[in-house]
Every structure is written in C-alpha cells, then in structure tokens.
Enquirer: 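One structure follows; several queries about it will come next.
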Amino acid sequence: QVQLVESGGGLVQTGDSLKLSCAASGRTFSSYAMGWFRQAPGKEREFVCAINRSGRSTVYADSVKGRFTISRDNAKNTVYLQMNRLKPEDTAVYYCAAGPVYSAQGFQYDLWGQGTQVTVSS
C-alpha cells in the first residue's frame, strides 16, 4: 500500500512562490491518480488540482488555475505542486491524496498524507 508524505510548506508573503512535494512509498505509485486538496481553518476541505496516472492530464480548481501547477515523476514516486503568485486566501493545510480514479472529488481518493501548512502573509 502506498504511504504519502508531504513537504515544502512554510510561511511566505503575498506574491511569493512555493513548491510542495508528496513522496510516496511502495511500488505502485504510477497506478494511482494523485490529487492535492487543502483545508483552511474553519472551512471545508477543498479540491485544488489532480493529475492522472501518466501525468498527461491535469485539472485545477478555478481559484488556482493559472497560478498552480501539478506534476509528477513516476520514477521518483513523487507528485509536486508548484504554487506561484500566492495569496492570503491560499493559506491552508495542503494534503496530497492517491486514488484509483482521476477526479476532483475527495471521496474518490483513499490514501491521504498528513498535510503540510502553507501560510501566506499579506
């Protein structure tokens, strides 16, 4: 079974960039679609973006489209989230997730990381 560990979070200023990584253990990483989700204090978890197993297809939430980029390196068992032009409203705990279905729906993902905090100051 795949285990997921996120890293790369931190405190940045508005307009800065940050790159998150999610390293997966196990030999079946390439068989999973991967997603990034986030949860801000007092808010529901929300979809950020997803990438299919091959990496050829991606989908983004409107709120991050054009600013965030998801990518994956199946040889390194890692998925990335490049976040540019960060805004205070991007502040949240970011989670990566793995699942059998390439989807924007959280319930389609059955493996989750522990999360990494991203804080954007104004």
Side-chain angles (χ1 to χ4, degrees):
Q1 184 169 338
V2 172
Q3 292 185 323
L4 307 174
V5 178
E6 302 97 334
S7 61
L11 172 63
V12 296
Q13 296 185 332
T14 297
D16 284 351
S17 297
L18 205 58
K19 187 172 185 177
L20 306 183
S21 298
C22 174
S25 64
R27 300 180 181 178
T28 58
F29 175 76
S30 61
S31 67
Y32 289 90
M34 300 297 296
W36 285 97
F37 293 78
R38 67 186 182 186
Q39 187 166 20
K43 294 189 176 182
E44 298 281 320
R45 183 183 66 195
E46 66 173 355
F47 169 76
V48 177
C49 55
I51 190 166
N52 73 342
R53 285 176 278 185
S54 68
R56 294 191 184 98
S57 293
T58 58
V59 59
Y60 296 90
D62 287 343
S63 59
V64 306
K65 202 173 293 183
R67 299 188 298 122
F68 289 13
T69 303
I70 187 172
S71 61
R72 68 188 296 163
D73 186 337
N74 287 342
K76 294 183 178 179
N77 284 8
T78 303
V79 63
Y80 305 98
L81 180 61
Q82 176 67 47
M83 305 184 292
N84 298 329
R85 305 198 307 276
L86 282 160
K87 305 175 182 179
E89 51 264 45
D90 294 319
T91 295
V93 177
Y94 283 71
Y95 299 90
C96 69
V101 179
Y102 168 56
S103 171
Q105 302 299 317
F107 72 86
Q108 298 280 13
Y109 295 86
D110 44 23
L111 300 170
W112 294 80
Q114 83 289 348
T116 185
Q117 177 71 48
V118 172
T119 303
V120 185
S121 64
S122 56

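What's counted below: heavy atoms across the whole structure, side chains too, no hydrogens, waters or symmetry copies.
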Enquirer: Test your reading of the model: is there a side-chain donor-acceptor pair from S21 to the backbone of S7, 3.5 Å cut-off?
Expert: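 Not confirmed, S21 side chain does not pair with S7 backbone.
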
Enquirer: Please lay out, stage by stage, how S63 and K87 fare under the test side-chain contact (heavy atoms from CB on, under 4.5 Å).
Expert: CA-CA 10 Å; S63 59; K87 305 175 182 179; over 6 Å; no

Enquirer: With no hydrogens and no angle check, is any side-chain donor or acceptor of D73 less than 3.5 Å from a backbone partner on N77?
Expert: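 No, because the side chain of D73 does not come within donor-acceptor range (under 3.5 Å) of the backbone of N77.
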
Enquirer: Are any of the side-chain nitrogens in R67 or D90 under 4.0 Å away from the carboxylate oxygens of its partner?
Expert: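 Looking at R67 and D90, the cut-off is met.
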
Enquirer: Output yes when a side-chain donor or acceptor of T116 lies under 3.5 Å from a complementary backbone atom of G9, and no otherwise.
Expert: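 Between the backbone of G9 and the side chain of T116 there is a qualifying donor-acceptor contact (under 3.5 Å).
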
Enquirer: If you take all heavy atoms of P100 and D110, which pair is closest and at what distance?
Expert: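 Looking at all heavy atoms of both residues, the shortest contact is CD-OD2, 3.9 Å.
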
Enquirer: Is the number of heavy atoms from other residues, nucleotides or ligands within 6.0 Å of CD (Q82) greater than 12?
Expert: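 Correct, the count exceeds 12.
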
Enquirer: Between S30 and R53 (side chain of the first, backbone of the second, donor and acceptor by atom type, cut-off under 3.5 Å), is there such a pair?
Expert: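 Absent.
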
Enquirer: Roughly how far, to the nearest 0.5 Å, is the CH2 atom of W36 from the CG atom of L81?
Expert: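 Going from CG on L81 over to CH2 on W36, the span is 6.0 Å.
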
Enquirer: Can you confirm whether more than 12 heavy atoms, excluding those of Q3, are under 6.0 Å from its CD atom?
Expert: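 No, the 6.0 Å shell around CD holds no more than 12 heavy atoms from other groups.
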
Enquirer: Considering all heavy atoms of both residues, which atom of A50 and which atom of S103 are nearest to each other, and what is their separation?
Expert: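 In terms of heavy atoms, the two residues are closest at CB-O, 3.6 Å.
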
Enquirer: Considering only heavy atoms from C-beta outward, does the side chain of V5 approach that of S25 to under 4.5 Å?
Expert: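 Side chain of V5 against side chain of S25, heavy atoms only: no contact under 4.5 Å found.
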
Enquirer: Closest approach of S31 and T28, non-hydrogen atoms and distance?
Expert: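 So the minimum-distance heavy-atom pair works out to OG-O, 2.6 Å.
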
Enquirer: Please report the C-alpha distance between Y94 and M83 in whole Å, then the side-chain angles of each, then the deciding distance to 0.1 Å, and finally whether the side-chain contact (heavy atoms from CB on, under 4.5 Å) criterion is met.
Expert: CA-CA 11 Å; Y94 283 71; M83 305 184 292; 3.9 Å; yes

Enquirer: Does the side-chain contact (heavy atoms from CB on, under 4.5 Å) test come out yes or no for V118 and L18, once each step is laid out?
Expert: CA-CA 9 Å; V118 172; L18 205 58; 4.0 Å; yes

Enquirer: Closer than 3.5 angstrom, by distance alone: can the side chain of R45 be matched with the main-chain N or O of A40 as a donor-acceptor pair?
Expert: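 Checked: no pair found.
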
Enquirer: Within the structure provided, determine whether V64 and R38 are in side-chain contact (heavy-atom separation under 4.5 Å).
Expert: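 Yes, at least one pair of side-chain atoms sits under 4.5 Å.
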
Enquirer: Between the side chain of E6 and the main-chain N/O of G115, is any donor-acceptor distance below 3.5 Å?
Expert: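 Here the side-chain-to-backbone pair exists.
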
Enquirer: Connecting only ILVMFWY residues whose side-chain heavy atoms lie within less than 4.5 Å of each other, what is the rest of Y102's hydrophobic cluster?
Expert: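 Other cluster members: F37, F47, V59, V93, Y95, Y109, W112.
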
Enquirer: Nearest 0.5 Å please: distance from the CG atom of D16 over to the CZ atom of R85.
Expert: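 D16 atom CG to R85 atom CZ measures 13.0 Å (nearest 0.5 Å).
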
Enquirer: To the nearest 0.5 angstrom, please state how far the CG atom of L111 sits from the CE atom of M34.
Expert: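 Rounded to the nearest 0.5 Å, the CG-CE separation comes to 8.5 Å.
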
Enquirer: With a sphere of 6.0 Å drawn around NZ of K43, does it hold more than 12 non-hydrogen atoms of other residues, nucleotides or ligands?
Expert: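 It does not: K43 NZ has 12 such atoms or fewer within range.
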
Enquirer: What verdict does the side-chain contact (heavy atoms from CB on, under 4.5 Å) test give for L86 and F68, after you've listed the backbone C-alpha separation in whole Å, the side-chain angles of each residue and the deciding distance to 0.1 Å?
Expert: CA-CA 9 Å; L86 282 160; F68 289 13; 3.8 Å; yes

Enquirer: Is it possible for you to say whether F29 and I70 belong to one hydrophobic cluster, with membership spreading through side-chain heavy-atom contacts below 4.5 Å?
Expert: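 F29 clusters together with I70.
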
Enquirer: Examine distances only and state if a side-chain atom of T14 and a backbone atom of S121 form a donor-acceptor pair shorter than 3.5 Å.
Expert: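 The answer is yes, because a donor-acceptor pair under 3.5 Å joins these two groups.
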
Enquirer: Is there a donor-acceptor pair closer than 3.5 Å between any side-chain N or O of T91 and the backbone N or O of E89?
Expert: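 No: the side chain of T91 does not pair with the backbone of E89.
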
Enquirer: If Ile, Leu, Val, Met, Phe, Trp and Tyr residues are connected whenever their side-chain heavy atoms lie under 4.5 Å apart, and connections chain through other members, are L4 and Y80 in the same group?
Expert: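 As far as the 4.5 Å side-chain criterion goes, Y80 and L4 are not connected within one cluster.
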
